[in-house]
Amino acid sequence: MRIVRLTDETRKDILTQLLKRSPDSYGGYEERVKEIVQTVKEKGDTAVFEYTRQFDKVEINASNVRVTKEEIAEAYEKVDQDLLTVIRKSLVNIRSYHEKQRRYSWFDSTENGTMLGQKITPLGIVGVYVPGGKAVYPSSVLMNIVPAKVAGVGRIVMTTPPGRDGKVPPSTLVAACEAGVDEVYKVGGAQAIAALAFGTESIPKADKITGPGNIFVALAKKTVYGHVSIDSIAGPSEILVLADETANAHYVAADLLSQAEHDEMASAILITTSEELAKQVSDETEEYLKVLSRADIIRKSLDQYGYILLAETMEQAIDTANAIASEHLEIVTKNAFEVMMKIKNAGAIFIGEHSSEPLGDYFAGPNHVLPTNGTAKFFSPLSVDDFIKKSSIVYYSREALEPVKDDIIAFANAETLTAHANSIRVRFE
């Protein structure tokens, strides 16, 4: 990996380079995606089935688009039983973590006859998108369905691309059933997002769509936003490791490559105050590339978006980490918890040399659907909050309203909204 001395200029250049990975840079595909979304909106099932035939080379129709009980039973027979055990263990951790996020309605009353509050209501229907194609992601199934289930969502609908055999991969289907999905449909790509946003004869309209996907899925979510809520428009995966001379170079290199293998646009960055560690990590990555199965993808990722940044001080390293606002941030320093307190921007923070990023991907419990491309400065991980809505509650008795009526009327008149003022006035004529 390239080693770069950290200065104001190099930091600016790296931030500019990283922003090229943003979904906002996918403009060349937008018109095609908008066309797909509009066609599905107008033609429903007909368009969905045609696009599935065109893109996935599979014949799907109204009779087989929804996964059947028989297909679910078959998936349980085919799935590796050791993997099923792991899925169930992971599920316990994920559910336990998200149950601590659960919110409740509250009301506050006073003796003068007022009651104010907030009513929490789960969303009615949520659509979960799960990618297919080159890889299978049962972990993403759990991370999207569990918080929705904990929130109390009434109906959870999952869509995922079918394989060439017209079926959903067993591990994906089993993970969905274990997490509590209500329905699964064999549809992928932009057409699946459009179907969930507007509804078709076979697929119900959702109130919100969550889940990762390729460029077409990301742009489709962007297109339908407003007709339906979405979680985020996720960009490529990224990891940043903040380390000093106490870090284990063998571990650090392994952790960087764990994210670089996702795709060629993934980002892996080490920021360190130790020149010796920087050189060791660079050498270690070369050794790993000789044996890892996705070495070609990793090398392209590192060549484009991989950096080892050599900082003068830990303060400079922390400032740069906050500026990058990485999806995953590992802290491997002698005073890791003290450094953690100074981190303002990160999707998930992993502390210490044994808290490697894949622990969060699969097992620890916190959600692995995280903000990317610097959006950790203002976005948060997927949570139970994403599957509820809040209504404000207001109650005033006549006795409570009378002492403040003139204040409200004065405020309304100041905005020249006389009907507002009149609405209050007529109650006391």
Self-check item: Atom NZ of Lys377 with >12 non-hydrogen neighbours under 6.0 angstrom
Solution: yes
Practice problem: For atom CZ of Arg299, decide whether the heavy atoms of other residues, nucleotides or ligands shown that lie under 6.0 angstrom number more than 12. | Solution: no
Practice problem: Ignoring hydrogens and angles, tell me if any N or O in the side chain of Thr160 forms a donor-acceptor pair with the backbone of Val130 under 3.5 Å. | Solution: yes
Exercise. Mark yes when over 12 heavy atoms from residues, nucleotides or ligands other than Arg32 sit less than 6.0 Å from its CZ; otherwise mark no.
Key: yes
Quiz prompt | Under 3.5 Å donor-acceptor, Ser397 side chain and Ala400 backbone | solution = yes
Practice problem: Tell me, please, which residues at least two apart from Glu402 pass side-chain hydrogen bond (donor to acceptor under 3.5 Å, both in side chains). | Solution: none
Quiz item: Is there a donor-acceptor pair closer than 3.5 Å between any side-chain N or O of Thr39 and the backbone N or O of Ala47?
Solution: no
Exercise. Ignoring hydrogens and angles, tell me if any N or O in the side chain of Thr223 forms a donor-acceptor pair with the backbone of Leu219 under 3.5 Å.
Key: yes
Self-check item: Which residues share a salt bridge (Lys or Arg N to Asp or Glu O under 4.0 Å) with Arg155, sequence neighbours left out
Solution: Glu183
Quiz item: Say you draw a straight line from CG of Asp45 to OG1 of Thr200; how long is it, rounded to the nearest 0.5 Å?
Solution: 4.0 Å
Exercise. Keeping the roles fixed (side chain from Thr375, backbone from Thr372), state whether a donor-acceptor pair exists under 3.5 Å.
Key: yes
Quiz item: Would you find a donor on one side and an acceptor on the other, under 3.5 Å apart, between the side chain of Asn335 and the backbone of Glu338?
Solution: no
Quiz item: Taking only residues two or more places apart in sequence, or in another chain, which ones meet Thr285 in a side-chain hydrogen bond (donor to acceptor under 3.5 Å, both in side chains)?
Solution: none
Quiz item: Can you find a heavy atom in the side chain of Ile87 that is under 4.5 Å from one in the side chain of Ser90?
Solution: no
Quiz item: Could you give the distance from CG (Leu242) to CD1 (Ile269), rounded to the nearest 0.5 Å?
Solution: 11.5 Å
Practice problem: To the nearest 0.5 Å, tell me how far Glu59 CD sits from Lys57 NZ. | Solution: 11.0 Å
Quiz prompt | Neighbour count above 12 (heavy atom, 6.0 Å) for Phe378 CZ | solution = yes
Practice problem: Check for a donor-acceptor pair, side chain of Asp385 on one end and backbone N or O of Ile388 on the other, with a separation under 3.5 Å. | Solution: no
Quiz item: Under a 4.0 Å N-O cut-off, is there an ion pair linking Glu74 with Lys167?
Solution: yes
Practice problem: Any chance you could lay out the side-chain contact (heavy atoms from CB on, under 4.5 Å) test for Arg103 and Lys390, step after step, and finish with the verdict? | Solution: CA-CA 10 Å; Arg103 291 198 186 215; Lys390 306 160 194 171; 3.9 Å; yes
Quiz item: Roughly how far, to the nearest 0.5 Å, is the CG atom of Leu417 from the OG atom of Ser423?
Solution: 11.5 Å
Self-check item: ring pair (Phe, Tyr, Trp, His ring centres under 6.0 Å) contacts in which one or both residues fall within residues 48-106, not counting sequence neighbours
Solution: Tyr51-Phe55
Quiz item: What is the distance from atom CZ of Phe387 to atom CG of Asp207, rounded to the nearest 0.5 Å?
Solution: 11.5 Å
Exercise. Please report the closest heavy-atom contact between Asn144 and Pro212, naming both atoms and the distance.
Key: ND2-CD, 4.1 Å
Quiz item: In terms of the angle between their ring planes, are Tyr288 and His250 parallel, tilted or perpendicular, with boundaries placed at 30° and 60°?
Solution: parallel
Quiz item: Can you name the residues that form a ring pair (Phe, Tyr, Trp, His ring centres under 6.0 Å) with Phe411, not counting sequence neighbours?
Solution: none
Quiz item: Does a side-chain heavy-atom distance below 4.5 Å link Ile215 with Met265?
Solution: no
Quiz item: What pairs of residues pass the side chain to side chain donor-acceptor pair (under 3.5 Å) test when at least one of them lies in residues 224-240, not counting sequence neighbours?
Solution: Arg21-Glu238, Lys221-Asp231, Ser237-Gln259, Ser237-Glu327
Self-check item: Residues forming a side-chain hydrogen bond (donor to acceptor under 3.5 Å, both in side chains) with Asp244, sequence neighbours excluded
Solution: Thr246
Quiz prompt | Value rounded to 0.5 Å, distance of CD1 in Ile349 from CD1 in Ile343 | solution = 6.0 Å
Practice problem: Let me know which of Leu309, Ile271, Ile331 forms a side-chain contact (heavy atoms from CB on, under 4.5 Å) with Leu240. | Solution: Ile271
Quiz item: Would you say the side-chain atoms of Thr320 pair up with the backbone N or O of Gln316, donor to acceptor, closer than 3.5 Å?
Solution: yes
Quiz item: Is there a donor-acceptor pair under 3.5 Å between the side chain of Asn367 and the backbone N or O of Pro381?
Solution: no
Quiz prompt | Minimum-distance pair of heavy atoms, taken over all atoms of Val157 and Pro204 | solution = CG2-CG, 3.7 Å
Considering only distance and modelled atom types, tabulate donor-acceptor pairs under 3.5 Å from the side chains of residues 116-129, sequence neighbours left out.
{"residue": "Lys119", "atom": "NZ", "partner": "Thr121", "partner atom": "OG1", "Å": "3.3"}
{"residue": "Tyr129", "atom": "OH", "partner": "Gly189", "partner atom": "N", "Å": "2.8"}

Practice problem: Indicate the atoms forming the closest heavy-atom contact of Pro162 with Thr52, along with that distance. | Solution: CG-CG2, 4.2 Å
Self-check item: Side-chain donor or acceptor of Asn93 paired with backbone N/O of Phe363 under 3.5 Å
Solution: yes
Practice problem: Flag the pair Met158 / Val141 as yes when at least one side-chain heavy-atom distance between them is below 4.5 Å, and no otherwise. | Solution: yes
Quiz item: Passes side-chain contact (heavy atoms from CB on, under 4.5 Å), Leu84 versus Arg88? Steps please.
Solution: CA-CA 6 Å; Leu84 179 57; Arg88 286 172 173 167; 3.8 Å; yes
Quiz item: Taking all atoms of both residues into account, what is the closest heavy-atom pair of Asp182 and Arg66, and its distance?
Solution: O-NH2, 3.8 Å
Exercise. List for me each residue that meets salt bridge (Lys or Arg N to Asp or Glu O under 4.0 Å) alongside Lys205, sequence neighbours excluded, and say none if there are none.
Key: none
Quiz prompt | Under the salt bridge (Lys or Arg N to Asp or Glu O under 4.0 Å) test, residues paired with Glu264 that sit two or more places apart | solution = Lys300
Self-check item: For Lys334, salt bridge (Lys or Arg N to Asp or Glu O under 4.0 Å) partners two or more places apart
Solution: Glu245
Quiz item: What closest approach, in Å, do Ala148 and Ile156 show between heavy atoms, and which atom pair accounts for it?
Solution: CB-CD1, 3.9 Å
Self-check item: Heavy-atom closest pair, residues Lys149 and Gly180
Solution: NZ-O, 3.2 Å
Self-check item: Full working for side-chain hydrogen bond (donor to acceptor under 3.5 Å, both in side chains) between Ser356 and Asp255
Solution: CA-CA 6 Å; Ser356 61; Asp255 292 357; 4.6 Å; no
Quiz item: Under the side-chain contact (heavy atoms from CB on, under 4.5 Å) test, which residues partner Ala194, sequence neighbours left out?
Solution: Val37, Val40
Quiz item: More than 12 non-hydrogen atoms from neighbouring residues, nucleotides or ligands closer than 6.0 Å to CG on Asp296, yes or no?
Solution: no
